[in-house]
Peer 1: 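Before I ask anything, let me first share the structure, which is written out below as structure tokens.
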Amino acid sequence: MATAAKADEQTAVFNNVVCPFCATLCDDLTVHVRGNQVVKVNGCNLSKGVFMNAHTEWATPRVDGKRVDYDDAVDEAARILARSVNPLIFGLAATDVEAQKKCIELADLIGANLDNASSV
Amino acid sequence: MVALQLGGAPAATLGEVKNRADLVIFWGSNPADSHPRHFTRYSGTAKGRFTRKGRKDRHIVVVDVRRTPSVKYADEFIQVDHGCDYEVLTAMRMIAGGKRPDRDEVGGVGVDTLANLVDRCKKARMGVLFFGQGITETRGKHQNSTAIYQFGKDMSRYSKFLTMPMRGHYNVVGSGNTMCWQTGYPFAVNFGRGYPQFNPGEFSVVDLLSRKEPDAALIVAAEPMDHLPYTAASHLEDIPTIVLDPRETLTTKIARVVIPVKHAGVSVEGSAYRMDHVPIRMQAPLKSPWPKDDAPLDAIIRKIKQIRIEQAGKTDGN
Ligand code: SF4
């Protein structure tokens, strides 16, 4: 019993969570989190996939397959883009509006092609 | 998107659909697999102000080239021959205009079936046609969507009738909206001349990569190695590609530089646009050790400016 109660104390419950998977953008999920892992979520199979696997396979900062410091990865990215004559910036569909604005600012600075999944 | 620019479309929120729609058509879209809760929350079983009996108050039609898992939730299934959506839509517009095609069948569908569907659309209190990749990514592409929007316009003369794309990625609508509001164009923009130019086919990702034009790429929150045709995506393996993503993907595997970031809607708050263009603020139930993607983007912008100043200094010195 004690363990169960303790486990419950450690579980944080988030209500009305928005599901960042498909463009239905359901805003009624209840997400149970323990130790920075989602242990329970309602919704559909796709939303379960997003939240239950969210703590797995995190990316790490890398250059040429080798683990590097975060700032070194950022510096290398900047060097590549500064050298490029015809860069492409693609994506944007699976992040928020604030990041999208930054992508546009960068595209403007380096004279890039900028596209999102609408064209595909 | 191009289709929308050509024709325009009446809009409404999914809330309106839930409260009013008594005719729902899914064309080239399989929500049972791709948008599983769309049906229960808005378009199928949802009970609303004028749809109190939920599912019973709606007639649901699935139009597709194959019997998808969504068909079992529908009242009617219309099977169209592969690649014939445009023909079928054109025949429907013709019927709506009071003319009958000079044959019994168009694109594998009986003309009587189409006439019935057109009649239902005209008589609907509110009809909604949701269309998916079966329309936008098959033969005809944006011409198919144009035909859908035009059919929707035709129907607006008789009933309240909407057409809405079933967008995939959760914030693909936001990416179009943000680009529109910042550059004037929704996608396929090029800044090479110092101002935004719009030209799908020239500046769209699949075309650019297939012609092997970009000499470097920055991929933000997308999976081109998985989602684009391989003939296009493979060019990313030949040029320096930078990827910003919370998780390892097929694209991080081939990238020259990988920059991990927080996951919007999972480990950081942020705004996204639902498929009906309603902006929604996302929560962040988890924590991530990495910064949010604006931070490395900002750092890259500052660093590039610094590199340029240094280069300008060197040229002056010579
Ligand atoms: S819960 Fe399912 S239907 Fe709703 S946004 Fe997430 S993936 Fe889409």
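Throughout, a chain's letter reflects where its sequence line sits, starting with A, and its residues are numbered from 1.
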Peer 1: Any non-hydrogen side-chain atom of B:Q283 less than 4.5 Å from a side-chain atom of A:N15?
Peer 2: no
Peer 1: Pick one of side chain, backbone, both or neither for A:V13, based on which atoms fall under 4.5 Å of a heavy atom in chain B.
Peer 2: neither
Peer 1: Determine the minimum heavy-atom distance between B:I301 and A:L106, stating which atoms define it.
Peer 2: CG1-CD1, 3.8 Å
Peer 1: Answer whether the closest heavy-atom distance between the side chains of B:I304 and A:R83 falls below 4.5 Å.
Peer 2: no
Peer 1: If every non-hydrogen atom of B:L218 is compared with every non-hydrogen atom of A:L81, which pair is closest and at what distance?
Peer 2: CD2-CD1, 4.3 Å
Peer 1: Heavy-atom cut-off 4.5 Å, strictly under: side chain, backbone, both or neither for B:L208 against chain A?
Peer 2: side chain
Peer 1: Would B:D215 and A:S84 count as having a side-chain donor-acceptor pair, cut-off 3.5 Å?
Peer 2: yes
Peer 1: Measure A:D72 against the heavy atoms of chain B and call it side chain, backbone, both or neither at under 4.5 Å.
Peer 2: neither
Peer 1: Regarding A:T95 and B:D293, do their side chains bring together a donor and an acceptor under 3.5 Å, going by distance alone?
Peer 2: yes
Peer 1: Which heavy-atom pair separates B:L297 from A:C103 by the least distance, and what is that distance?
Peer 2: CD1-SG, 3.8 Å
Peer 1: Under 4.5 Å, counting heavy-atom pairs only, tell me which of A:G65, A:A112, A:A54 racks up the most with chain B.
Peer 2: A:A112
Peer 1: Can you pull out the residues in residues 231-244 of chain B with any heavy atom less than 4.5 Å from chain A?
Peer 2: B:P240, B:I242
Peer 1: Please name all residues satisfying ring pair (Phe, Tyr, Trp, His ring centres under 6.0 Å) with B:F130, sequence neighbours left out, ordered by chain then number.
Peer 2: B:F26, B:H38
Peer 1: Measuring only between side-chain heavy atoms, which start at C-beta, is A:I104 closer than 4.5 Å to B:T183?
Peer 2: yes
Peer 1: So which part of B:P31 gets closer than 4.5 Å to some heavy atom of chain A, the side chain, the backbone, both or neither?
Peer 2: neither
Peer 1: Indicate yes or no: at least one non-hydrogen side-chain atom of A:L114 is less than 4.5 angstrom from one of B:F187.
Peer 2: no
Peer 1: Could you tell me which portion of A:V17 (side chain, backbone, both or neither) has an atom closer than 4.5 angstrom to a non-hydrogen atom of chain B?
Peer 2: both
Peer 1: Side chain, backbone, both or neither: which part of B:M179 has a non-hydrogen atom closer than 4.5 Å to chain A?
Peer 2: both
Peer 1: Is a side-chain donor or acceptor of A:D96 paired with a backbone partner of B:A272 at a separation under 3.5 angstrom?
Peer 2: no
Peer 1: Salt-bridged, A:R62 to B:E248, with N to O below 4.0 Å?
Peer 2: yes
Peer 1: If only atom types and distance count, is the side chain of A:Y70 paired as donor or acceptor with the main-chain N or O of B:P260 below 3.5 Å?
Peer 2: yes
Peer 1: Where does B:K262 contact chain A at under 4.5 Å (heavy atoms): side chain, backbone, both or neither?
Peer 2: neither
Peer 1: Looking at A:C19, A:G43, A:P20, which makes the most heavy-atom pairs under 4.5 Å with chain B?
Peer 2: A:P20
Peer 1: One thing to verify: whether A:E98 and B:R281 come together as a salt bridge, which I'm taking to mean a side-chain N less than 4.0 angstrom from a carboxylate O.
Peer 2: yes
Peer 1: Heavy-atom distances under 4.5 Å only: say whether A:N16 touches chain B with side chain, backbone, both or neither.
Peer 2: both
Peer 1: I need the minimum non-hydrogen distance between A:C22 and B:S34, along with the two atoms involved.
Peer 2: CB-O, 3.8 Å
Peer 1: Identify, with sequence neighbours excluded, every residue that meets salt bridge (Lys or Arg N to Asp or Glu O under 4.0 Å) alongside A:D108.
Peer 2: none
Peer 1: For A:A77, is it the side chain, the backbone, both or neither that has a heavy atom under 4.5 Å from a heavy atom of chain B?
Peer 2: both
Peer 1: With a 4.5 angstrom heavy-atom cut-off, could you sort out which part of B:R274 is near chain A: side chain, backbone, both or neither?
Peer 2: both
Peer 1: What part of A:V33 gets within 4.5 angstrom of chain B, counting heavy atoms only: side chain, backbone, both, or neither?
Peer 2: side chain
Peer 1: Which residue out of A:V74, A:I89, A:N36 racks up the most heavy-atom pairs below 4.5 Å with chain B?
Peer 2: A:N36
Peer 1: Would you indicate whether the side-chain heavy atoms of A:Q100 and B:N171 approach each other to under 4.5 Å?
Peer 2: yes
Peer 1: Minimum heavy-atom separation for B:H35 and A:A23, please, with both atom names.
Peer 2: CD2-N, 4.3 Å
Peer 1: Can you name the closest pair of heavy atoms from A:L46 and B:P36 and give their distance?
Peer 2: CD1-CD, 3.5 Å
Peer 1: So do the side chains of B:Y170 and A:T24 get within less than 4.5 Å of each other, counting heavy atoms only?
Peer 2: no
Peer 1: Looking at SG of A:C44 and CZ of B:F39, how far apart are the two atoms once the value is rounded to the nearest 0.5 Å?
Peer 2: 14.5 Å
Peer 1: Could you tell me which of A:D71, A:V31, A:V63, A:T60 has the largest number of non-hydrogen atom pairs under 4.5 Å with chain B?
Peer 2: A:T60
Peer 1: Chain A heavy atoms under 4.5 Å from B:I219: which part of the residue, side chain, backbone, both or neither?
Peer 2: both
Peer 1: What part of A:T56 gets closer than 4.5 Å to chain B, counting heavy atoms only: side chain, backbone, both or neither?
Peer 2: both
Peer 1: In terms of heavy-atom proximity below 4.5 Å to chain A, should B:Q133 be classed as side chain, backbone, both, or neither?
Peer 2: neither
Peer 1: Is any side-chain heavy atom of A:F90 closer than 4.5 Å to a side-chain heavy atom of B:V220?
Peer 2: no
Peer 1: Salt bridge or not for A:D28 and B:R37, using N-O below 4.0 Å?
Peer 2: yes
Peer 1: State whether a side-chain donor-acceptor pair under 3.5 Å links A:N113 with B:N190.
Peer 2: yes
Peer 1: Is it the backbone or the side chain of A:F21 that comes under 4.5 Å from a heavy atom of chain B, or both, or neither?
Peer 2: backbone
Peer 1: Do the side chains of B:P285 and A:F51 get nearer than 4.5 Å, heavy atoms only?
Peer 2: yes
Peer 1: About how many Å separate NZ of A:K102 and CG of B:D298, when rounded to the nearest 0.5 Å?
Peer 2: 4.0 Å
Peer 1: Report the residues that fulfil ring pair (Phe, Tyr, Trp, His ring centres under 6.0 Å) with B:H263, sequence neighbours left out, ordered by chain and then residue number.
Peer 2: none
Peer 1: Please determine, among B:V189, B:D245, B:V268, the option with the most heavy-atom pairs under 4.5 Å with chain A.
Peer 2: B:V189
